[in-house]
Amino acid sequence: MAKRKLRIRDLTLRDGQQSLFATRLDQKTIDALLPDYRDAGFYIMEVWGGAVPDSVMRYLDESPWTRLRTISDTIEGRSLLSALSRGRNLFGYVPYPDAVLKGFYEEAIANGLNVMRIFDALNDIDNVRESIKLINSMGGIADGAVCYTVDPKPEKQESTGGFMSKLKSMFGGAKDEPEKIFTDDYFVGKAREMEAIGAKIITLKDMAGLVNPLRAKSIISRLKAEVKVPVDFHTHCTPGYGLASSLMAILAGVDILDTNIWWFGGGSAAPAIELIYLFCKRLDIEVEANMEAVGRIRDKLLDARKGLRDFDLHKDNMQKPFDPLKDELPAEIAALFDSAISFGQAGDEEGLLDACHRIEAYFGFPKPNLLVKEAEVPGGMYTNMVAQLKALQAEDLLDEAMRLIPKVRRDAGLVPLVTPTSQIVGSQAVSLAIDRKKGNPDYSNASNQFISLIRGEYGKTPVAIDPAFREKITGDAQERPYDVSSYKKPENPTLPEFDNVNLAKDNKEYLLVELLPNVANGFLRRRRAEEYQAIAAERAAEDTATTETDELANEPITGEVLTAPMGGRIISVNVKAGDKVSKNQVLLVYEAMKMENDVCAERELTIKRVFVKVDEVVGVDAPLIEFQD
């Protein structure tokens with residue numbers, strides 16, 4: 001009988017660095033890793049998608065297309081390259097029409113992409129249908145990902161007549177035990193629907209790490225029995241289940257397992273391949289990877305991690321070095337691996353978790369994050385919230401915002417927390433924390449994307465949204481799905497300051513404008529400035545404008561002032577000194593936690609002066625506009 005083999009999808013260059021280091025791994029560092037990656041023999045390397053296209057432009061001033069093309073050219077087809085796509089939303093925050101999906105997928109495949117992992121944050125199959133069809137038609141591999149999430153906890157039941165009672169009335173069940181929504185049947189049913197419309201791989205995508213070991217075995221076993229395509233398991237270690245649940249997925253017969261390499265594994269990320277290798281060695285399962293090449297990558301990743309120290313939440317308590325091919329384990333630690341397998345085979349979840357936690361503790365991996373476990377959020381969402389609140393100098397709001405995430409999620413129809421809903425819900429939880437700190441009613445400030453989610457523009461939520469809540473947030477109790485026929489392609493403006501060249505010079509760049517307009521605009525302007533050899537002149541003009549603005553800002557404030565309800569970056573300023581504005585007119589738009597927020601006039605007013613400009617970052621309560629007396 002042939003030896004069983006386990007295929008590996010390496011996440012280090014995308015999800016690993018996103019979950020642990022806020023997606024700050026630069027191209028120079030990646031280039032140094034690629035020769036060894038070419039030899040590593042991974043079935044799939046996840047290298048693109050998720051936060052990468054946004055972050056490499058926003059924080060590293062690099063091209064997402066260059067990253068994909070460079071990796072593809074170096075790997076030379078020895079591993080399949082995959083990206084993560086949000087289905088109808090792609091990498092953006094609005095649903096796109098089919099023509100945009102088609103154009104994007106064509107460019108991605110032309111630049112070296114092989115596998116597109118396609119998911120929808122609401123598990124709305126209609127939102128992934130066209131993407132699966134298009135990827136297959138272009139010769140790519142459509143990987144249909146079902147997003148795992150959990151039912152509300154019984155102890156979070158509100159008052160009689162509250163959210164849990166509404167679930168009971170909608171789905172039946174005893175008063176003290178509401179009907180379960182996210183059952184094995186729910187996830188397997190979604191997987192079968194994806195397979196039926198053409199998915200060539202099915203992934204159980206546990207972005208928050210909430211799949212406990214017995215549940216992982218139950219769902220993976222069902223998937224292996226009921227779908228014919230390969231089954232992949234993706235999880236994170238944040239709440240403490242990841243390693244044990246991955247072992248149970250292996251025992252249940254999973255075909256592909258998502259892992260990271262040692263220094264980029266564990267904690268908020270997926271399990272380390274080195275630990276999975278040790279388990280598989282004891283189970284007589286061949287891990288399809290060249291572990292010597294993995295070791296060379298591991299050595300280089302240690303220096304890479306040291307270079308990411310500013311974004312490393314565990315920089316002062318890193319795991320100890322370890323090479324599974326050379327280092328001998330102490331007898332008591334080796335016994336823990338054997339015990340974990342025995343507990344897993346016996347279905348003893350408590351024993352399995354204890355053994356896995358002791359293994360992780362021995363090597364120095366982070367302990368389970370109980371705050372994340374309680375709030376039921378993905379690790380990447382958590383680390384992004386930490387990084388962005390730190391940038392806004394509002395770290396004191398983190399704990400309260402985390403506690404408010406489950407409430408916002410319930411109000412929003414029990415959406416799974418994965419991009420973009422994780423960002424939308426997380427940002428709104430921060431807004432609620434600010435509202436409560438100021439003594440304002442909940443949802444006094446709702447982001448444009450949260451309003452769109454509640455309106456119905458992102459698709460069908462797992463549980464219907466209370467019409468009264470929808471009316472409170474959107475002004476209309478009626479659900480209003482997004483009409484893609486109303487989509488307007490963004491302009492590709494000419495830039496007079498750079499001899500009237502277009503902002504985007506080719507289709508790849510225009511797609512960045514289409515999908516990530518705010519960050520792409522600045523990124524491409526910098527490229528055009530470089531090409532025109534006018535950087536110095538442009539900076540001088542900006543310095544002059546800044547000086548004039550600073551002088552004006554130093555004058556005493558005598559009139560009524562509009563202040564920032566929360567920290568963020570100014571996206572647009574729609575008024576100037578002397579303008580007369582009407583009630584509810586949009587004065588400016590700012591971005592906080594990647595969400596856009598309109599700031600409107602409360603009544604008829606006249607603008608005296610504007611204190612901010614586009615791309616400026618402001619803190620909570622910073623003055624934005626002064627009105628005339």
Side-chain angles (χ1 to χ4, degrees), residues 9 11 15 44 46 49-50 82-89 115-133 135-136 141-151 180-236 241-242 245-246 248-249 252-258 270 376-378 380-381 409 413-422 458-463:
R9 184 188 314 237
L11 308 176
D15 191 57
I44 300 173
E46 185 178 85
S82 74
L84 187 67
S85 163
R86 306 165 193 162
R88 180 63 70 182
N89 301 115
V115 181
M116 183 62 79
R117 176 176 278 173
I118 303 161
F119 74 94
D120 177 64
L122 308 183
N123 281 328
D124 186 341
I125 299 299
D126 287 339
N127 284 342
V128 301
R129 190 182 307 276
E130 188 64 21
S131 289
I132 289 175
K133 175 184 173 183
I135 289 294
N136 287 337
I141 300 172
D143 173 5
V146 181
C147 295
Y148 181 82
T149 190
V150 295
D151 290 298
K180 297 292 185 183
I181 300 164
F182 300 112
T183 62
D184 288 5
D185 286 341
Y186 170 87
F187 297 113
V188 174
K190 295 292 183 182
R192 293 178 66 178
E193 287 185 75
M194 286 188 174
E195 183 185 35
I197 59 178
K200 305 304 182 186
I201 299 173
I202 290 294
T203 295
L204 178 63
K205 180 176 171 58
D206 176 26
M207 55 281 170
L210 295 175
V211 175
N212 58 290
L214 290 181
R215 194 77 194 278
K217 181 180 180 181
S218 174
I219 297 175
I220 296 297
S221 296
R222 286 278 306 275
L223 290 174
K224 285 295 297 175
E226 299 186 38
V227 301
K228 297 181 176 62
V229 299
V231 175
D232 188 318
F233 181 52
H234 173 101
T235 192
H236 292 247
Y241 295 138
S245 293
S246 294
M248 288 298 268
V254 76
D255 301 290
I256 308 165
L257 187 67
D258 290 10
E376 301 169 345
V377 302
M381 174 182 174
R409 181 189 169 220
L414 279 185
V415 292
L417 291 180
V418 61
T419 307
T421 54
S422 58
Y458 283 88
K460 295 287 186 183
T461 54
V463 173

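What's counted below: heavy atoms across the whole structure, side chains too, no hydrogens, waters or symmetry copies. Computed from a predicted structure; not experimentally measured.
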Would the number of heavy atoms belonging to other residues, nucleotides or ligands and lying under 6.0 Å from NZ of Lys224 be above 12?
yes
Apply side chain to side chain donor-acceptor pair (under 3.5 Å) to Thr149 and list each qualifying residue two or more places apart in sequence or on a separate chain.
Arg409
Got a second to check how far Asp151's CG is from Leu414's CG, nearest 0.5 Å?
7.5 Å
Tell me if a side-chain donor or acceptor on Glu195 pairs with a main-chain N or O of Ile202 at a distance below 3.5 Å.
no
How close do Cys147 and Phe119 get, counting heavy atoms only, and between which atoms?
SG-CD1, 3.6 Å
Do Arg192 and Val227 come close enough that some side-chain heavy atom pair is under 4.5 Å?
yes
Could you tell me whether the side chain of Asn127 and the main chain of Tyr458 form a donor-acceptor pair under 3.5 Å?
yes
Inter-residue atom distance Glu130.CD - Ile118.CD1, 0.5 Å rounding
10.5 Å
Can you tell me if Thr421 uses its side chain to pair, donor with acceptor, with the backbone of Pro416 under 3.5 Å?
yes
Do His234 and Leu84 come within less than 4.5 Å of each other through their side chains, counting heavy atoms only?
no
Could you verify whether a donor N or O on one side chain and an acceptor N or O on the other, from Asn123 and Tyr186, lie under 3.5 Å apart?
yes
Compare all side-chain heavy atoms of Ile125 with those of Arg129 and state whether any distance is below 4.5 angstrom.
yes
Counting distance only, does the side-chain N/O of Ser246 pair as donor-acceptor with the main-chain N or O of Gly242 below 3.5 Å?
yes
Any side-chain heavy atom of Asp258 sitting closer than 4.5 Å to one from Thr235?
no
Within a strict 4.5 Å, meaning less than it, do heavy atoms of the Ile141 and Ile44 side chains meet?
no
With a 4.5 Å cut-off on side-chain heavy atoms, are Leu122 and Thr461 touching?
yes
Residues Asp15, Arg9: salt bridge by 4.0 Å N-O rule
no
Can you name the one residue among Ile256, Thr203, Val254 that meets side-chain contact (heavy atoms from CB on, under 4.5 Å) with Pro230?
Ile256
Salt-bridge criterion met for Arg117 and Asp232 (N-O under 4.0 Å)
yes
Looking only at side chains, do Arg215 and Tyr148 share a donor and an acceptor under 3.5 Å apart?
yes
Residues which pass salt bridge (charged side-chain N to carboxylate O under 4.0 Å, His left out) with Lys190, listed by chain and number, not counting sequence neighbours:
none
To the nearest 0.5 Å, how far apart are CD1 in Ile132 and CE in Met194?
5.5 Å
Salt bridge present between Asp185 and Arg222 (N-O < 4.0 angstrom)
yes
Any side-chain heavy-atom pair from Met116 and Ser85 closer than 4.5 angstrom?
yes
Test item: Ser245 side-chain N/O and Val211 main-chain N/O as donor-acceptor pair under 3.5 Å:
yes
